[in-house]
Amino acid sequence: MDTLYKPQGVENRWQQTWEEEGLYSADPDSSRQSWVYCFPPPNVTGNLHLGHALQISLGDVLARWKRMQGFNVLVQAGYDHAGISTQNVVEKALEREGTSRQALGREAFVERVWEWLHEYGGNIVHQFRSMGASMDYRRIRFTMDEGYVRAVMRWFVHLYERGWIYRDNRIINWCPHHETSLSDLELEDVDMDDALTTIQYPLADGSGHVSIATVRPATILADTAVAVHPADERYRDLVGKEVIVPFVERRVPVIADERVEMEFGTGALKVTPGHDPTDFAIGRDHGLPELTVIGPDGRMNDAAGELAGLTQDDAAKRILEWAAGRGQIEKRESYRHAVPTCERCHSRIEPLISLQWWCRMDDLKQPAIAALNERKVAFHPESQHRFAISSLEGAPDWNISRQIWWGHQLPIWYCPDGHVTVVETAPDACAECGSTDLTRDPDVLDTWFSSELWPFATLGWPDETPDLAAFYPGNLQTTAREIIRLWENRMIFAGLELFGEVPFTDVIIHSTLLAPDGRRMSKSLGTGIDPVEEINKQGADALRYGLLKMSSTQDVRFSTGAINEGRKLAIKLWNVSRLILANAGDEVPDARPDSVEEQWILGRLDGTRETVEKALDGFSFGAIPIALYDLTFEDFCDFYAEAIKSRLYAGDANARATALAALEQLLKLLHPVMPHVTEEIWSYLPGRETRLIVAPWPTAQPTWRDRQAAETMDRVRSAVKTFRRSGVLVTAYDAETVRIFELIVGAPTDGGQGDVEAERTRLQKEIDRGEKMLANEKFVANAKPEVVESERQKLERYRAELDALA
RNA sequence: GGGCGCUUAGCUCAGUUGGGAGAGCACCAGCUCGACAAGCUGGGGGUCACUGGUUCGAGCCCAGUAGCGCCCACCA
């Protein structure tokens, strides 16, 4: 073994070896029980940042643990085509070349996207490998590969035949830049400064006016009513009358509706069903006309008459000038409010009425809600479970059509008579009239429509494959909070609808990693950090360890401290392994722990095994790095290794064999978190034929947890600490304690020296405290017996130590 | 407006059924002793956000206050 541990070479070598030897591969024919981690396929054009790395660290620790437990583990690898995102990236590349999507035309553009993907896509798999993610790289899937497209088409037709897909003219979120509709979940609210203008709408009977506040004067042209709250005393008499809309001078009714906020503005609302979601809802309920004056490009359309072609700002200016000329403008104040924007390009969303395809949610979501209530799927932590249920309950019908070019084109064909044919592959003739003059719907599906099939489409569905039989349903899913509604919930209802079974049983909602300055870590903000950067600096094991440590709370600010700790742990492990292996010999004798310190370390190893198992079973990862770090540094290196050193040098066969056994156990416990360094050390152990990655996880060894040994070592710790702190040697202990003490501190000869007085004061304080507690009757009566007993023992020990000093 | 969460050492954070305030980094001092200077040993440093309550005992439980973060929502 090299003197220095160099992660770079070691990690690369094992990543290749594991993969080449097929140790990452899941076997559908295996008789072993399967365990499936349904890893979220990242965007094909993307790059991992540390947030993703944290996610894969958590899942991979579990996957490696399950693999060691003998499960037939599958971690599915792959990519998502990520519709709008990918289209965006390629469009920007075209822009740099001085051309555009429109100039190329649809077919050529899609061709270009594929070319682009082959050239630049897929960096993420490289990043996964660098992290030591134990995915099955032989079965990488893409949401646009041939089999997957078949699955999407089958699913669409299935839903259509169930009557859950329909077409309707409704108000949708329109992105003027992408020129497509977006679901509510694809929006991002941004605070913007606007002007809030209060305009008078004269009453048609000339008896006065109603004042109305608006931030979008351009939409005045599409007003079809004015609404007030039914309980609003100020306007009660006006309901049923008519007012005259400024500029267009149209007479519209005053109506009453509870959706109006009495406290906002003047308490009167101009109703514009064509350009506002709330107004749309009010309009439908009151049967108001739906006028559209803004086109898909965000400019005024032909219905805007003399303002047609103007931008909304210019139109607003003209309208306000008109109103000002008649003294109808009351005031104009600055106003900051949240405005929905496109999460991809941050263009201001235009609510427009548009003919779109929708997926009805009622029948899909009910079984999913029931499954969550029965905990067939459990979200961790619990608070997110409740959130998942409530967001399913509130899920509105889903706008699934997008007016972009990259994605799964809807399997819908129209004949000249307007009949609709929905089939998986291109039909020869219209299903209704037999016409062969068919046109395919140009829209593509929302990306998440295909994502929701991931747990089974990757296994070959809609075909009945051995993979599907072996690996569906799966077990684990990991994700960020904001993805629950977009993806997890939808995978659950899709799985239930097609198989009657949930696709996984546990979902870990992991922490959001913030940049060091406290902002979100994201590519668009420029705050993302490439995990490979950190791997190059400190190693993949160190990174995995550090991310695990950062995974415990809801949000955590990234700092290199935890990763640094991981690097230290790897180096420490390497060095103590060198100590043991350099003195071990080549044979593998049976371990026979014949001393207290050996019995104790085996007990500590078994205790840590239990701690780790409990943490992994409960999906609370934070405790694991701490437990492993303390075990390795304090117990294994500072005490155990120091105590047995001399026996190792002397060639004591039992000590050597026990040391090897203890090291083996330690490596196993560390492997899920730090796979590379442990596998490397493992390869130096004499007589090991299997790789550590598939070595059996240790079983419980209660006989190792010897209480006597633990108590003796507690006394040793105490004595060592006292001696190092004050130079005082406490000799009151039994021979065993003294023997181990001398092994660790090197047999001091000048016992009783040092700052005895300070030590005596310290001990007296402890004794006083202990006596006070034990004299407290309520404490003795109410506290747990173990607590009282431990207080008693401590008091006893302090008294003995004080006696020895006297 | 609704939901979730956070506030502990200079920094990043642990602290799981209430029982002596912790780790890493940073800082200071000492140490090359046959695994480890990418190290070891020791040390300084905290009104556990604030107020009240429950309790023999509260960082932990309850109520409230303040500040911060994230997600959601149809106040134009």
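Within 4.0 Å of A/Phe280, counting heavy atoms only, lies no atom of the nucleic acid at all. Heavy atoms of A/Leu4 sit under 4.0 angstrom from at least one base atom. Among the heavy atoms of the strands, none lies under 4.0 Å from A/Lys270. Among the heavy atoms of the strands lying under 4.0 Å from A/Tyr798 is at least one base atom, whether or not backbone atoms are also near. Among the heavy atoms of the strands lying under 4.0 Å from A/Val215 are primed sugar atoms or P, OP1, OP2 only; no base atom is included. As judged by a 4.0 angstrom heavy-atom cut-off over every strand, A/Tyr335 is placed among residues touching the sugar-phosphate backbone only. If you check every strand for non-hydrogen atoms under 4.0 Å, A/Val260 touches a base. As judged by a 4.0 angstrom heavy-atom cut-off over every strand, A/Gly622 is placed among residues making no nucleic acid contact. Across all strands shown, A/Arg724 has heavy atoms under 4.0 Å from sugar-phosphate atoms exclusively, and none from any base.
Between the CG atom of A/Leu513 and the P atom of B/U12 there is a distance of 14 Å, rounded to whole Å. We find that NZ of A/Lys572 is positioned 12 Å from P of B/G24, with the value rounded to whole Å. If you take OH of A/Tyr5 and C1' of B/C36, they are 15 Å apart, rounded to a whole angstrom. One can place CG of A/Leu569 at 11 Å from P of B/C40, the figure rounded to the nearest angstrom. Atom CD1 of A/Ile282 and atom P of B/C75 are 12 Å apart (whole Å). Between the CZ atom of A/Arg216 and the C1' atom of B/A76 there is a distance of 10 Å, given to the nearest Å. Rounded to a whole Å, the CG atom of A/Asn575 is 16 Å from the C1' atom of B/C33. One atom, CD1 of A/Ile626, and another, P of B/U12, lie 17 Å apart when rounded to the nearest Å.
At a cut-off of 3.5 Å, with distance as the only test, no side-chain donor of A/Arg481 or A/Gln384 sits close to an acceptor on the other residue. When only modelled atom types and interatomic distance are considered, A/Lys270 and A/Thr272 share a side-chain donor-acceptor pair under 3.5 Å. Residues A/Arg259 and A/Thr278 bring no donor and acceptor atom of their side chains to less than 3.5 Å of each other. There is no side-chain donor-acceptor pair under 3.5 Å between A/Tyr629 and A/Glu565. Counted by atom type alone, A/Thr197 and A/Lys331 present zero donor-acceptor pairs between their side chains at under 3.5 Å.
Applying the Watson-Crick and G-U wobble criteria (two distances, each under 3.5 Å), B/C27 pairs with B/G43. Base-pair partner of B/C36: not found among the strands shown (Watson-Crick or G-U wobble, both distances under 3.5 Å). Pair assignment for B/G1 gives B/C72, based on Watson-Crick or G-U wobble hydrogen-bonding distances that are each under 3.5 Å. B/A63 and B/U51 make up a base pair, with Watson-Crick or G-U wobble contacts both under 3.5 Å. Pairing for B/A9 is absent, with no Watson-Crick or G-U wobble pair whose two atom distances lie under 3.5 Å.
Listed nucleotides: B/C70, B/A35, B/C71. Nearest to the side chain of A/Arg481: B/C70. Comparing B/C4, B/A76, B/C36 by their closest approach to the side chain of A/Gln384 singles out B/C4. With B/G43, B/A38, B/A35 as the candidates, the nucleotide lying closest to the side chain of A/Arg567 is B/A38. The side chain of A/Glu482 sits closest to B/C71 out of B/C75, B/G5, B/C71. When each of B/A35, B/G24, B/C74 is scored by its nearest atom to the side-chain atoms of A/Thr278, the top-ranked nucleotide is B/C74. If you check B/C72, B/A38, B/C75 against the side chain of A/Arg485, the one that comes closest is B/C72. Each of B/C70, B/A76, B/A38 was ranked by its minimum atom distance to the side chain of A/Leu269; first place goes to B/A76. In this structure, the nucleotide among B/A76, B/A35, B/G42 sitting nearest to the side chain of A/Tyr649 is B/A35.
At the phosphate of B/A35, OP1 or OP2 sits under 4.0 Å from a side-chain N or O atom of A/Lys645. Using a 4.0 Å cut-off, no side-chain N or O of A/His337 falls inside it from OP1 or OP2 of B/C75.
For A/Tyr335 and A/His337, the gap between ring centers is short of 6.0 Å.
Only the C1' atoms considered, B/U8 is 10 Å distant from B/A49, to the nearest whole Å. Taking atom P in both B/U7 and B/C40, the straight-line distance is 30 Å, to the nearest Å. B/C36 and B/C31 have their C1' atoms separated by 14 Å, with the value rounded to a whole Å. The gap from the C1' atom of B/A37 to that of B/G30 amounts to 14 Å, rounded to the nearest Å. Nucleotides B/A76 and B/C4, compared at atom P, are 25 Å apart to the nearest Å. B/A26 sits 13 Å from B/A38 when the P atoms are compared, rounded to a whole Å. Separating the P atom of B/C70 from that of B/C25 is a span of 30 Å, rounded to the nearest Å. B/C56 and B/U16 have their C1' atoms separated by 24 Å, given to the nearest Å.
No salt bridge links A/Arg799 with A/Glu796; every basic N to acidic carboxylate O contact stays at or beyond 4.0 Å.
Geometric assessment of A/Arg717 against the ring of A/Phe639 yields a positive cation-pi assignment under the 6.0 Å and 45° thresholds.
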Discussion item. Test side-chain hydrogen bond (donor to acceptor under 3.5 Å, both in side chains) on A/Ser211 and A/Glu330; report intermediate values, then the result.
Written reply: CA-CA 8 Å; A/Ser211 300; A/Glu330 252 167 47; 2.5 Å; yes

Worksheet item: Going through the distances and angles, do A/Glu801 and A/Glu759 end up as a side chain to side chain contact (heavy atoms under 4.5 Å, CB included)?
Response: CA-CA 10 Å; A/Glu801 290 184 12; A/Glu759 207 49 43; 5.8 Å; no

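Counting distance only, with no hydrogens placed and no angle test, the side-chain atoms of A/Glu642 and the base atoms of B/A35 include a donor-acceptor pair under 3.5 Å.
Positionally, the nearest nucleotide of RNA chain B for A/Trp574 lies more toward the 5' end than for the other of A/Asp638 and A/Trp574.
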If you restrict it to nitrogen or oxygen atoms, what contacts under 3.5 Å exist between nucleotides 16-19 of chain B and the protein, and what is each distance?
unit_1	atom_1	unit_2	atom_2	d
B/G19	O6	A/Ala783	N	3.3

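With A/Leu670 as the partner, the side chain to side chain contact (heavy atoms under 4.5 Å, CB included) test is satisfied by one option alone out of A/Val612, A/Asp541, A/Thr678: A/Thr678.
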